[in-house]
Amino acid sequence: MSSPSGESQGLSSKTLIGKSLGPYRVLRRIGRGGMADVYQAHHEMLQRDVALKVLRDELAAIDDHVERFRREARAAAKLSHPNIVQVFDVGSIESIHYIAQELVEGENLRTRLDRVHLFSTIEVLEVAAAVASALNTASTAGLVHRDIKPENVLRSHLGTLKVTDFGLARVLAGDSNGATLTRVGLTMGTPRYMSPEQIQGQSLDVRSDIYSLGVTLYHLWTGQPPFSAEDPIALAMAHVQEVPSRAIKVREKRRAGLEKEAGLVAGQTELLSSIIDRCLQKAPEKRYSDPSQLLAELGVVESSSSIAFTKVAGDSVAAGSQLQTLLDRVRSEKVQRYRSAFLITIASAFVCLGTWFALAGRPDRDLRAALMPNEVEKMETIESQFFEAVTRNDELAWKAVIDFESVDLIGETVEEQPEAASAVVVESKRRAATLQLARLHRKDGRIEKAVRTLERLLDEEEDLSPLFQAIVLVEFCEILPELDRTDRLETSKNRLERVVSEMQQTRPQQWQDFQDLVSPSRRTLLGLVDS
């Protein structure tokens, strides 16, 4: 595809405003994500404005990402639904690769949540119905979204809810499932909305999207996600292992002292809470089997142009769902009691024998570490090796990731993979593992070793993304006072300020991720000012 005016010569994604990409005249930049810059553009012949998603330069340089970008865009273009952002076109010119899609005038749900802090029950029920309806159409077409979250649900000025970026999470993830804790161009992401099976790198179906929808509904309704952690690895482990506080309880605490919600029919609050509980079940088979089942529980009927509630979400429907959730919780609590009893027995045996805690000169370690095997199984892929380390979270496991030799990332041979993509992902995993190893050293009181490990990472300055560099510098600046290294501390703080300033000015998505990963109190202690 070429521009008849010849304006495309020497195009760069950084200088697109006012230029033409084929039939599209680029007007202004309206957003930036981990994968693409988003522009408002005008189709000269059809005389309509579109949202133009332009693949970022660092991804456009890798043929595998470009091909995946095109393939997923074409698949999404086949979807036609009132709650899905319509994809019109996918194309490229020189090294610029773009998707033209419906321009939605409005805001995403994360922006609205930041403004209102808490969605009403009725509004969250509407979100549940609209997104479930979109997922139902997509799953029928064989598409899994992989990245359902408030940022990917838009509300137009007319009030219509639309899901965007179907399938495109695979482009950024760089593997067949889109399950990864590291992302090209970002180094480390936060798996805030990922399902347990996505975090573990397992095959995905629509039930993974249902879990992510549950996390989204929980966040909108309570004002906070079900799990929070500054460390992405701890956050991933929480999704796999922990049971969140019930949404209805968190909601009640947040609304304590506020007026009663207007317009609610008996049972709606209980229904929404029970739906969220079921969506958030760890095992996929305990969630809704497909979105149509969730829609039926909501009492929603779909048509070609809209969705509508056909009955009031009432007590009988909520009671059935709550009963299933209660039975699941009872079973889970029984398993936990048996597990606890077993661990207590093992712990008593260790204490009686006096063979473990008597190890002189070593800090105490928890029982889980004591029972951990002394060898780490060698996995076939670095993705699997990384999740094994997430699960164990001990020194041997993280070293196994750092020392991983094979580059077979996604079930393909080395020869079948783009060399550049493989190298980037492997290095991202190794660096994330090195950072976690430093954290373990610090936790065990091996401060000098932790500092040396962090220094090795910081020596790779040119190869680190600003986000990852900033995260490492935060850890470094927090640990230096424990060694009374005030001289190095000042230099490191100055470097951190420069990196943070660069993110704020040129990499807004990385800056947003940094704010998610590093709490305001930690940023304040380090003298970082949000701009």
Side-chain angles (χ1 to χ4, degrees), residues 33-35 72 108-110 131 135 138-139 143-153 163-184 186-220 224-244 247 276-288 291 381-391 393 409-410 425 428-429 432 436 467 509 512-513 516-517:
M35 178 190 68
E72 295 299 326
N108 67 54
L109 297 190
R110 176 57 187 266
V131 177
L135 292 177
S139 64
L143 278 180
V144 180
H145 190 287
R146 297 178 176 82
D147 198 22
I148 293 293
K149 59 185 178 181
E151 290 90 333
N152 280 337
V153 183
V163 180
T164 189
D165 284 356
F166 261 97
L168 295 184
R170 282 178 65 174
V171 179
L172 195 56
D175 69 87
S176 59
N177 294 324
T180 179
L181 300 185
T182 53
R183 300 188 291 177
V184 175
L186 198 64
T187 301
M188 180 175 288
T190 308
R192 178 166 289 166
Y193 302 93
M194 284 185 181
S195 68
E197 61 269 27
Q198 188 174 10
I199 288 169
Q200 295 176 74
Q202 299 171 359
S203 60
L204 305 181
D205 57 30
V206 71
R207 293 172 298 179
S208 176
D209 284 342
I210 288 173
Y211 181 93
S212 298
L213 173 58
V215 180
T216 297
L217 299 177
Y218 190 111
H219 196 173
L220 299 179
Q224 65 187 55
F227 304 109
S228 294
E230 292 180 355
D231 177 6
I233 294 169
L235 187 56
M237 292 177 69
H239 277 289
V240 174
Q241 298 175 350
E242 296 179 15
V243 177
I276 292 172
D277 284 344
R278 188 165 176 185
C279 288
L280 291 181
Q281 291 296 308
K282 303 296 183 192
E285 61 271 16
K286 291 184 178 179
R287 301 173 205 149
Y288 297 100
T381 69
I382 197 167
E383 297 282 358
S384 300
Q385 198 73 59
F386 190 86
F387 181 73
E388 173 72 7
V390 170
T391 305
N393 197 28
L409 300 177
I410 54 177
V425 176
S428 295
K429 296 293 187 196
Q436 188 63 12
L467 173 60
Q509 183 61 52
Q512 179 62 57
D513 288 336
D516 288 340
L517 292 166

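A search for side chain to side chain donor-acceptor pair (under 3.5 Å) contacts involving Thr164 returns Gln101, not counting sequence neighbours. By the side chain to side chain donor-acceptor pair (under 3.5 Å) test, Thr216 pairs with no residue at all, sequence neighbours left out. Residues forming a side chain to side chain donor-acceptor pair (under 3.5 Å) with Tyr211 (at least two apart in sequence, or on another chain): His239.
Side-chain atoms of Ser212 come within 3.5 Å of backbone atoms of Tyr193 as a donor-acceptor pair (strictly under, hydrogens ignored). The main-chain N or O of Leu280 is never found under 3.5 Å from a side-chain atom of Lys286 such that the two would form a donor-acceptor pair. No donor-acceptor pair under 3.5 Å is formed between the side chain of Gln202 and the backbone N or O of Gln198.
Between Leu109 and Leu220 the shortest heavy-atom distance is CD1-CD1, 3.8 Å. Minimum heavy-atom separation, Phe166 to Ala138: CE2-CB, 3.2 Å. In plain terms, the two heavy atoms of Val215 and Arg192 that are nearest each other are CG1-O, 3.4 Å. When all heavy atoms of Arg207 and Arg287 are compared, the pair lying nearest together is O-NH1, 2.9 Å.
Taking SG of Cys279 as the reference point, atom CG of Asp209 lies at 11.0 Å (rounded to 0.5 Å). In this structure, NE2 on His219 lies 13.5 Å from CZ on Phe227, to the nearest 0.5 angstrom. Summarising the geometry, atom CZ belonging to Arg146 is positioned 10.5 Å from atom OG belonging to Ser195; distances are rounded to the nearest 0.5 Å. In this structure, Glu197 CD and Asp205 CG are separated by 7.0 Å, a value rounded to the nearest 0.5 Å. For the atom pair NE2 (His145) and CG (Leu213), the distance works out to 11.0 Å, reported to the nearest 0.5 Å.
Between Asn108 and Pro150, the closest side-chain pair of non-hydrogen atoms is not below 4.5 Å. Residues Val153 and Val131 meet the side-chain proximity criterion, which asks for heavy atoms closer than 4.5 Å. Residues Val240 and Met237 have side chains not in contact (no heavy-atom distance under 4.5 Å, counting atoms from C-beta outward).
Of the options Leu143, Ile148, Val163, a side-chain contact (heavy atoms from CB on, under 4.5 Å) to Leu135 is made by Ile148 and by none of the others.
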